[in-house]
Structure formats: C-alpha cells, structure tokens
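A quick write-up on the structure given underneath.
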Amino acid sequence: MSELLNNLIHDARIWQGHRQTPTRQTTESTGYHELDRQLGATGWPVGALSECLLDGAGIGELHLVLPLMKRVSAAGRTVFWVNPPYTPYVPALSQAGVALSQVVVIRTSSKSDTLWTLENCLRSPVTGLVLTWPGHLANRDTRRLQLAAEAGNTSCIVFRPRQAGQHSSPAALRLDLTPAPRQGLQIRVLKRRGGWPGQSCQLALGDRTGLASTDTSRIIAGPWSDASA
C-alpha cells in the first residue's frame, strides 16, 4: 500500500495543497519558452488530454500548437485533425514546416462516431498528435478519451467552448485562451498536474500571421478572394 501511495503522489494524481509536485509525466515543449515556464518548465502532456478553451475559432489557437505539429510530423508520426471548424490551409502548414504527408483530416457524422474515431486514433501506434473539436462532451466522454490517450501514450488537444471551464474535467491541462492586442494570444492556466493553476502569459503571434507586431494595417488576402477588390 505504501509503494502504491508513493507512486500516485509522484504521478501527481493526489494533489498536495501545501506544495507543487514534480511529475514523472512525459511532456512535449509547447515551443514557446514563456508558456513552458508558466507550466513549470514542462509543456504539452503526453499520454493525456489538454483542453484549450476559447470563445471562437481563429484567435491564434492553431499557432499555439504549430510547433508541436511540426515536431511530431517531422518524426514521421501522424497528426489527426478530427472535425476542425474549417478546412486546414495546406500552403500555410507547408510553409510552417509541417510534413503534410503526416496530416490526416477526419470528419464524422455523429457524436458516437466522433468518440469511436478519437479512441481509435489515440490508441493507434502511428499517432503522434490528435487535434479535435468535438463539441459538447460529457465528463464520462472526456474520461473515456483520457484513458485512450494514456493507453496510446499520445498527446490529444481538445478545443472546447470557454464555458466548459466552469465544469470539472479529467484533462491533465486546461488553458483559457483569449485574443490579445497586436495579434497576440492571452493564455491563463486553469489546471495543470503537479502545480497550482492561475499562471498566465501573453504570446505575440503577429509575425506568424505575416503582420508586424506594431502594424495591423495590412490585410492578407487568401486565394478565395480577389486581392484587388
């Protein structure tokens, strides 16, 4: 019993309120030094769920996971996108260094199909990262996905509405995302294993959008519009 309790404590599954507990959990750097520092010098947990809570798509959330996508795909492991709100823009991913041959987009037609797909992706040995926009998730659904991520030792990043942050979740990491001035992204840590929540930081993403951080006068026109209009 003593050995079991020690293992649980070191795994950060029993929270010790009087101190922060270093964990044995494998992590992947976010690619942003300031954010890693706020996460206790760790990053995205491997073999676990991470939740990004936001009001709507397009505030810089994909730039946040871009360094991880690049590393995972370069290692020859598959990055699954399950039910993204928009079709991924291939030229931008290629320009960022993501290996397109390792990116798979899946769209499902029902909640049961979504959960089945996510479980199988998370448990697959070819998977390096799963990004998903599942809509509403009951706590039992989140726990089901958490167990699948543990079984496959896979990172899973779930994009959910911000109001989901009002409820508990078995996810190992929960981040609240809001837009910041000058194409930035404000990040607040709602939950992380082995430490107190409440840390926050702001990431400047203007250079990634092709806009100087002090200049928002330029408009980037995609191939779907007439740039001269």
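For clarity, every value in this text was computed on a predicted model and none was experimentally measured. Atoms considered below: every heavy atom in the structure, side chains included; atoms not considered: hydrogens, waters and symmetry mates.
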From [X] atom [atom1] to [Y] atom [atom2], the distance as rounded to the nearest 0.5 Å:
X	Y	atom1	atom2	value
Leu49	Ser169	CG	OG	7.0 Å
Leu175	Ser200	CG	OG	11.5 Å
Glu28	Asp36	CD	CG	10.5 Å
Glu34	Gln38	CD	CD	5.0 Å
Tyr32	Ile187	OH	CD1	8.0 Å
Ile59	Leu54	CD1	CG	4.5 Å

Specify the closest pair of heavy atoms between [X] and [Y], including all atoms of both residues, with the distance to one decimal.
X	Y	result
Leu53	Pro161	CD2-O, 3.9 Å
Ser168	Arg174	C-NH1, 4.1 Å
Leu39	Arg192	O-NH1, 3.4 Å
Gln146	Ala171	OE1-CA, 4.2 Å
Lys191	Pro170	NZ-C, 3.7 Å
Leu185	Ala180	N-CB, 3.8 Å

query = What's the verdict on side chain to side chain donor-acceptor pair (under 3.5 Å) for Thr108 and Thr114, showing C-alpha distance, side-chain angles and the deciding distance?
reply = CA-CA 6 Å; Thr108 60; Thr114 300; 2.5 Å; yes
With a 3.5 Å distance limit and no angle check, can you tell me whether [X] reaches the backbone of [Y] through a side-chain donor-acceptor pair?
X	Y	result
Thr154	Glu150	no
Asn120	Thr117	no
Thr42	Gly40	no

Non-hydrogen side-chain atoms of [X] and [Y] separated by less than 4.5 Å:
X	Y	answer
Val82	Pro134	no
Trp81	Leu62	yes
Thr27	Ser155	no
Thr127	Phe80	yes
Pro84	Tyr86	no
Arg188	Gln199	no
Thr132	Cys156	yes
Val46	Trp44	no

Should [X] and [Y] be counted in the same cluster of Ile, Leu, Val, Met, Phe, Trp and Tyr side chains packed under 4.5 Å apart?
X	Y	answer
Met69	Leu205	yes
Trp133	Val79	yes
Ile106	Val126	no
Val105	Val90	yes
Leu145	Val104	yes

Stepwise side chain to side chain contact (heavy atoms under 4.5 Å, CB included) check, Arg123 with Leu118 = CA-CA 9 Å; Arg123 293 177 184 273; Leu118 288 171; over 6 Å; no
key: Identified side chain to side chain contact (heavy atoms under 4.5 Å, CB included) partner of Ile157 from the options Leu173, Leu64, Leu68   = Leu68
Residue list, salt bridge (Lys or Arg N to Asp or Glu O under 4.0 Å) with Glu119, at least two apart or on another chain = Arg144
task = Output all residues satisfying ring-ring contact (aromatic ring centres under 6.0 Å, His included) with Trp116, sequence neighbours left out; order by chain, then residue number.
result =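 Result, ring-ring contact (aromatic ring centres under 6.0 Å, His included) vs Trp116: none returned.
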message = What verdict does the side chain to side chain contact (heavy atoms under 4.5 Å, CB included) test give for Leu137 and Leu115, after you've listed the backbone C-alpha separation in whole Å, the side-chain angles of each residue and the deciding distance to 0.1 Å?
response = CA-CA 10 Å; Leu137 283 177; Leu115 292 174; 4.1 Å; yes
Pairs involving residues 160-170, ordered by first then second residue, that meet salt bridge (charged side-chain N to carboxylate O under 4.0 Å, His left out) (sequence neighbours left out) = Glu51-Arg160, Asp55-Arg162, Arg162-Asp176
message = If you count every heavy atom of other residues, nucleotides or ligands that lies below 6.0 Å from Arg71 atom CZ, does the total exceed 12?
response = yes
request  = Kindly indicate, with the supporting measurements, whether the criterion side chain to side chain contact (heavy atoms under 4.5 Å, CB included) is fulfilled by Val103 and Val98.
outcome  = CA-CA 8 Å; Val103 177; Val98 176; 3.7 Å; yes
